[in-house]
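I have placed the structure first, in the form of structure tokens, so that the comments after it can refer back to it.
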Amino acid sequence: MSSLDAAAAGSSHGACKPLVIKIGSSTLTTADNRIDREYVRVIAQQVAQVREQGWSPIIVTSGAIACGLEAMGMQRRPDDMPSLQAAASVGQSALSAAYAEAFKPYGIVTSLVLLTRRDTADRHAYLHARDTFDKLLEFGVVPIVNENDTVSVEQIRFGDNDTLAALVACLVEARLVVILSDIDGLYSANPRRVPDAHLIERVDSIDARVMAMCGEAGTAAGSGGMITKVKAARVLMVAGIPLVICNGRSEGAVLQAACGKSVGTLFAASDRPHEITPKKLWIALGDAARGALVVDEGAKRALIERGSSLLAVGVRDTKGRFEPGDIVDITEVGGHVFARGRVSAESDEVRLAQGLDQKTLAGNRLLAHLAERPLVHRDELVVFE
């Protein structure tokens, strides 16, 4: 074990019970796209109450751009990136001040933590971020976390704060994640289009059927919609962290979820989660997938049931362009993503090697080196099922 992995494995929160609360922009803002300061005060009150129950809350918040537009007197959201980033720059300060003001009556100190995917794509930076959160919680601070929209561009954006919330939860080894949304939870179909759709109160595993219930990104308000929330839940369940998606405007939603009461949809973590190291969590959430490997049913069973590494013989198709060491999704033929890992070869080599057994690879002068190692080693592989 390297010193880096040893440091990661040694993380401990003692009696601390980290609780990650993610507040979506549609929940945090009013109908005219302004920050609902009364709602922020309601959240502060609930956070103060769960702290009395032994929880150590962290808030992952949206709303910086909306706050900036309000502060600058802009009535319409601009379309160009520099203007949006300028609004975020102004808004981060205003949003942070709104939280600080709301928590002040309870004697709670807040801090502002801004992250981009660049801060987590490197494992050293990922673990340094974890240490910072540990220390903030140790001091009794409530961190207010947001994506750093001022400097984020498409290549380094998380894309939605659901992913960011899951990443923070894994960093701090949270006991629970609560996503406060504008919808009551996961429905059997989009309730805005299907009148008889029903709320699913508990999900014990996420398969292709559950993913199909989410629709496409953007079917619910917010930057990602239900699909990004369920993808976040998929990783958290593997890590042994339960997640609740509920309506953020429901009375006492955070309190109910923290007390284990039925509210929204609970994505229940397994009592015996997969063995998932800090390194695997980083693979699952810390960097964007550069491509995908489509595998046959035999390879899928080997990965899920036997904990095997992925060999070239099990690959049926290769998508995207990637280099050795990049993160790739692993999908079944139908397209359902059931795993993610760090690939050991570049995409053009994988296309030539896919479907070939080790003996055939060893006899090929161009691909012989791939016979000596798997395409994705099981120590660098996260299986979601």
Side-chain angles (χ1 to χ4, degrees), residues 19-53 55-77 84 87-114 140-147 149 160-162 164-165 168 176-185 192 220-225 229 244-259 261 263-265:
L19 165 65
V20 174
I21 303 163
K22 184 262 179 176
I23 309 175
S25 56
S26 59
T27 306
L28 190 64
T29 56
T30 61
D32 57 354
N33 201 33
R34 295 176 182 271
I35 295 298
D36 188 338
R37 298 178 189 278
E38 179 56 35
Y39 180 72
V40 175
R41 285 190 283 271
V42 170
I43 291 298
Q45 182 184 40
Q46 292 189 59
V47 167
Q49 289 173 308
V50 297
R51 275 167 57 100
E52 292 176 357
Q53 299 174 1
W55 293 95
S56 296
I58 297 171
I59 295 176
V60 176
T61 183
S62 302
I65 292 176
C67 244
L69 297 179
E70 179 183 352
M72 294 189 294
M74 299 176 67
Q75 300 301 316
R76 296 178 58 187
R77 182 184 175 99
L84 287 172
S89 179
V90 173
Q92 294 290 11
S93 297
L95 184 60
S96 179
Y99 277 108
E101 179 183 354
F103 279 97
K104 187 176 180 180
Y106 305 99
I108 297 174
V109 176
T110 61
S111 71
L112 180 61
V113 180
L114 300 178
V141 174
V142 174
I144 308 297
V145 186
N146 198 359
E147 182 164 10
D149 291 315
D160 61 89
N161 276 352
D162 300 316
L164 179 57
V168 171
L176 175 67
V177 177
V178 180
I179 292 181
L180 301 179
S181 183
D182 64 340
I183 193 170
D184 293 334
R192 290 165 180 157
S223 61
K229 294 171 177 54
V244 171
I245 300 173
C246 61
N247 193 316
R249 295 284 174 167
S250 297
E251 185 175 355
V254 175
L255 281 169
Q256 291 184 62
C259 292
K261 296 181 179 179
V263 54
T265 301

Trace of the side chain to side chain contact (heavy atoms under 4.5 Å, CB included) decision for Thr61 with Asn161: CA-CA 7 Å; Thr61 183; Asn161 276 352; 5.8 Å; no

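- No side-chain donor-acceptor contact under 3.5 Å links Thr30 to the backbone of Asp36.
- Side-chain atoms of Gln45 do not come within 3.5 Å of backbone N or O of Tyr106 as any donor-acceptor pair.
- For the atom pair CG (Asp162) and CD1 (Ile179), the distance works out to 4.5 Å, reported to the nearest 0.5 Å.
- To the nearest 0.5 angstrom, Asp182 atom CG is 7.5 Å from Asn247 atom CG.
- Once rounded to the nearest 0.5 Å, the distance linking NZ of Lys229 with OG1 of Thr265 reads 11.5 Å.
- Although no hydrogens or angles enter the test, the distance criterion places a donor-acceptor pair under 3.5 Å between the side chain of Tyr39 and the main chain of Gly248.
- Under the 3.5 Å distance criterion, the side-chain polar atoms of Arg249 are matched with a main-chain donor or acceptor of Thr27.
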Evaluation steps, side chain to side chain contact (heavy atoms under 4.5 Å, CB included), between Val142 and Tyr99: CA-CA 10 Å; Val142 174; Tyr99 277 108; over 6 Å; no

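- Nearest approach of Val20 to Ala165, heavy atoms of both residues: CG1-O, 3.9 Å.
- When all heavy atoms are compared, the tightest approach of Ser25 to Ser62 is N-CB, 3.6 Å.
- What you find for Gln46 and Val254 is that their closest heavy atoms are OE1-N, 2.9 Å.
- Across Val263 and Ala253, no two heavy atoms sit closer than the pair CG1-O, 4.4 Å.
- Ala98 and Val40 make their closest contact through O-CG1, 4.0 Å (heavy atoms, listed as atom of the first residue, atom of the second, distance).
- Side-chain contact between Ser56 and Leu19 is absent, with no heavy atoms from C-beta onward closer than 4.5 Å.
- Between the CG atom in Leu112 and the CG atom in Asn146 there is a gap of 7.5 Å [rounded to 0.5 Å].
- Of all heavy-atom pairs spanning Ala66 and Ile35, the tightest one is CB-CD1, 4.5 Å.
- In this structure the side chain of Ile59 reaches within 4.5 angstrom of the side chain of Phe103, judged on heavy atoms.
- Heavy-atom contacts from other residues, nucleotides or ligands closer than 6.0 Å to CD of Gln53 number more than 12.
- Separating the CD atom in Glu38 from the CZ atom in Arg41 is a distance of 4.5 Å, to the nearest 0.5 Å.
- Each of Ile43, Val60, Val178 was compared with Ile23 under the side-chain contact (heavy atoms from CB on, under 4.5 Å) criterion, and only Ile43 meets it.
- Interatomic distance, Met72 CE to Cys67 SG, rounded to the nearest 0.5 Å: 11.0 Å.
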Worked check of side chain to side chain contact (heavy atoms under 4.5 Å, CB included) between Ile144 and Leu95: CA-CA 9 Å; Ile144 308 297; Leu95 184 60; 5.7 Å; no

